[in-house]
Structure formats: structure tokens, C-alpha cells
Protein chains: 2
Amino acid sequence: MPETNAAPELNGLYFQLFNEIGIINQLSRAAFEARLPDGMVLPQFAVINHLIRVEDGRTPLQLARAFQVPKTSMTHTLAGLEKRGLVEMRANPDDARSKQVWLTEAGRKFRDDAIASLAPDVGAFSDTLGREELTEVIALLERLRKRMDAARD
Amino acid sequence: MPETNAAPELNGLYFQLFNEIGIINQLSRAAFEARLPDGMVLPQFAVINHLIRVEDGRTPLQLARAFQVPKTSMTHTLAGLEKRGLVEMRANPDDARSKQVWLTEAGRKFRDDAIASLAPDVGAFSDTLGREELTEVIALLERLRKRMDAARD
DNA sequence: TCCTTTTGGTTCGATATCGCACCATTTAGT
DNA sequence: ACTAAATGGTGCGATATCGAACCAAAAGGA
């Protein structure tokens with residue numbers, strides 16, 4: 001007899017976790033967008049941040065995968081960033097189908113300014129989790145994210 | 001000289017955490033919606049689940065607050081659920097402006113079926129975090145959520 | 001009681017998100 | 001080389017999301 005579910009309550013905990021994650025996502029999104037200029041939206045900021053943290057010159061598809069959004073969504077996000085002059089789309093020398101996303105000077109400055117203007121907000125609750133707890137949570141979530149990603153086939 | 005930021009790297013960790021949370025949210029959303037019938041969307045399921053976990057008879061505004069979404073979004077979500085016959089909107093006997101959201105039998109059944117059909121997916125990675133790790137993460141995130149919520153004034 | 005403010009909810013318009021279909025290139029198979 | 005399949009990206013239409021403005025009921029003063 002196949003053991004399909006040895007610990008059903010575990011599922012409930014995962015549901016709870018996803019629920020909590022959804023709410024925090026909501027809260028952080030709202031907080032961010034309240035600070036960002038007019039129509040600037042969280043995904044746009046996230047992309048800029050990613051390009052700085054990792055490296056610019058990524059392709060749109062790489063970005064879509066990194067954030068686990070459909071590529072059409074990324075196209076839209078990048079179009080917004082380009083219209084604001086925060087990124088620059090160039091042809092990919094290695095593949096004529098593909099493009100590369102590069103930060104402009106304005107893009108880098110924008111990110112620095114945004115971080116600075118966001119700092120006070122983060123400061124309002126940054127004492128909630130200690131450094132160890134934070135890194136612990138991040139590590140666990142990262143582990144979960146990679147497993148979920150892998151399970152996605 | 002005022003100490004505005006005693007530990008700047010902490011902010012970076014929070015950014016990282018929010019980033020990770022955003023991606024997992026994305027992944028769970030996509031996974032859920034792949035299983036749910038046609039146009040059914042994650043927030044709708046989340047509301048049903050909440051009504052069962054907590055108690056139905058909540059008002060739309062209570063739900064909006066619970067999920068930290070604007071009330072207009074909740075109106076829309078509830079309209080979708082009502083159109084599918086999964087919830088029922090009744091007048092609030094205590095307040096003529098307000099309404100109450102009640103689950104229908106179809107709504108309860110729907111939730112049970114959805115959970116069942118989702119179980120295999122969760123099973124694909126449910127061994128990633130142990131029960132202790134899970135409850136630990138949930139507890140920490142819950143703590144953070146409440147603090148962020150409070151900081152929202 | 002009358003008037004002001006607050007609160008619960010919806011309507012409306014603007015934008016974001018995403019699936020589907022499509023095109024151009026690249027890769028793989030023969 | 002030639003064709004078939006896979007890959008990177010976009011256009012389009014349908015829906016989701018959300019802020020602003022609005023309405024009706026309730027709460028709070030005077």
C-alpha cells in the first residue's frame with residue numbers, strides 16, 4: 001500500500017506559510033509603492049535592484065525566470081523602465097533573437113535614492129528580527145524556493 | 001549627532017527577505033492556479049480558506065484587512081466568488097451599511113476538493129522543511145507581519 | 001436635533017498581469 | 001543543406017488590481 005501522505009498536517013502548515021507570505025508580500029508592496037514616485041511599481045524596482053545585485057546585461061528571459069513571472073509580464077515591466085530611461089535595451093551580440101538589459105546612470109541613481117527614502121520605513125520594524133533570525137529565515141525560504149522551483153519541472 | 005541607522009546591512013537583509021518572499025509568492029500562486037478550475041484565482045481560494053479557518057460571516061472589510069488588500073480589490077474578489085456560487089452575501093443585521101460573507105455548501109466542498117487536488121503538488125516539496133522549521137518560520141513571519149502592520153499607522 | 005465626520009461598500013478609469021498566438025532566430029536531426 | 005523542433009520576444013485580449021470619487025448609514029458634537 002503506497003503511503004501517499006504520511007503527515008497531512010504538514011500540508012496545513014505549508015498553506016499557513018503561503019498565506020503569511022502572501023500578506024507580507026502585500027504589505028511590503030504597498031509600503032514600497034507609497035514611497036516610489038508616481039506610477040513606479042514594485043516589480044520595476046525589483047528588477048533594477050536585481051540588475052545591481054547580480055549584474056546588468058541580463059536578458060529579459062533571465063529576468064523573467066529569476067522572478068518567476070511570465071515573460072510577457074517582464075516585457076511589460078521592462079518597457080516601463082525603458083520609458084522612464086532607467087534601463088537600456090541593447091541587442092544581444094550572441095543571439096539575434098535576444099536582448100540585453102543595461103542600467104543607465106539614471107537607473108543606478110534612482111535605485112540609490114529609492115533605497116535611501118525607504119530606509120526609514122524599514123527602520124520602523126527592522127528590530128523585529130535579529131540578524132541571526134533574519135539570515136535563518138532567508139536561508140530556509142531560499143531552500144524552499146529552490147525546491148519549489150525544481151518541482152516545477 | 002543622531003544615529004539614524006545603527007546597522008545598515010540589516011536593511012539589505014530585509015530587502016533580500018522581501019525578494020525571496022515575492023518569488024515564493026509568485027511560485028505558489030502559479031502552482032495553485034494551475035490546479036484550480038479555469039478562471040479561479042489565488043485570492044479567491046485564499047478567501048474561502050480564510051472563511052473556513054477563521055469563521056464565515058466576516059464582513060468584506062474585515063477580509064480586506066486580513067489580506068492587506070484595498071477594499072476595492074476585495075469587492076472584486078467577492079463578486080467573483082459569489083458569481084460562482086461559492087459564497088453568499090447577506091445583509092449585516094448590526095449595520096445596514098455592511099454585509100456578511102457566508103460560505104455556501106458548494107464553497108465548502110470546493111475548498112475540500114481544491115485542497116485534495118493540491119496535496120500532490122505540496123507533497124512534491126513538503127519534505128523541504130521539517131515541522132519544527134516550518135513552525136519556526138511561520139512564527140517569525142507572523143511576528144514580522146504584525147509589526148509591519150502596526151508600523152502602517 | 002442638526003450638522004459634521006467617520007465608516008462600509010461600490011463604481012469607474014487607469015494600469016498590471018498573464019495566457020495565447022505569432023514571428024524570427026537558433027538548434028537538432030537527418 | 002533542409003527540415004522540424006525549440007527558444008526569445010512581442011502583440012493582443014481578458015481579467016486583476018488599485019486609487020479616486022462617490023453614496024449611504026452610523027457616530028459624535030454642539
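Throughout, a chain's letter reflects where its sequence line sits, starting with A, and its residues are numbered from 1.
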When L78(A) and A96(B) are each assigned the nearest nucleotide of DNA chain D, the 5'-most assignment goes to L78(A)
5'-most contact on DNA chain D (nearest-nucleotide basis), A30(A) vs H76(B), goes to H76(B)
Is there a side-chain contact between [X] and the phosphate of [N], meaning an N or O under 4.0 Å from OP1 or OP2?
| X | N | result |
| --- | --- | --- |
| Q44(A) | dT17(C) | no |
| R58(A) | dG8(D) | no |
| T75(A) | dT10(D) | yes |
| Q62(B) | dG9(C) | no |
| R29(A) | dT17(C) | yes |

* **F15(B) reachable from L140(A) in the ILVMFWY side-chain graph, under 4.5 Å edges** => yes
**Asked** Do F67(A) and L27(B) share a hydrophobic cluster, counting only Ile, Leu, Val, Met, Phe, Trp and Tyr and linking them when any side-chain heavy atoms are less than 4.5 Å apart?
**Response** yes
| request: Mind checking N92(A) for me? I need base, sugar-phosphate or nothing, with any heavy atom below 4.0 Å counting as a touch. | output: nothing
task: Using a heavy-atom cut-off of under 4.0 Å over every strand shown, decide if E33(B) touches base, sugar-phosphate, or nothing.
output: nothing
Are R90(B) and E88(B) within salt-bridge range, i.e. N to O under 4.0 Å? yes
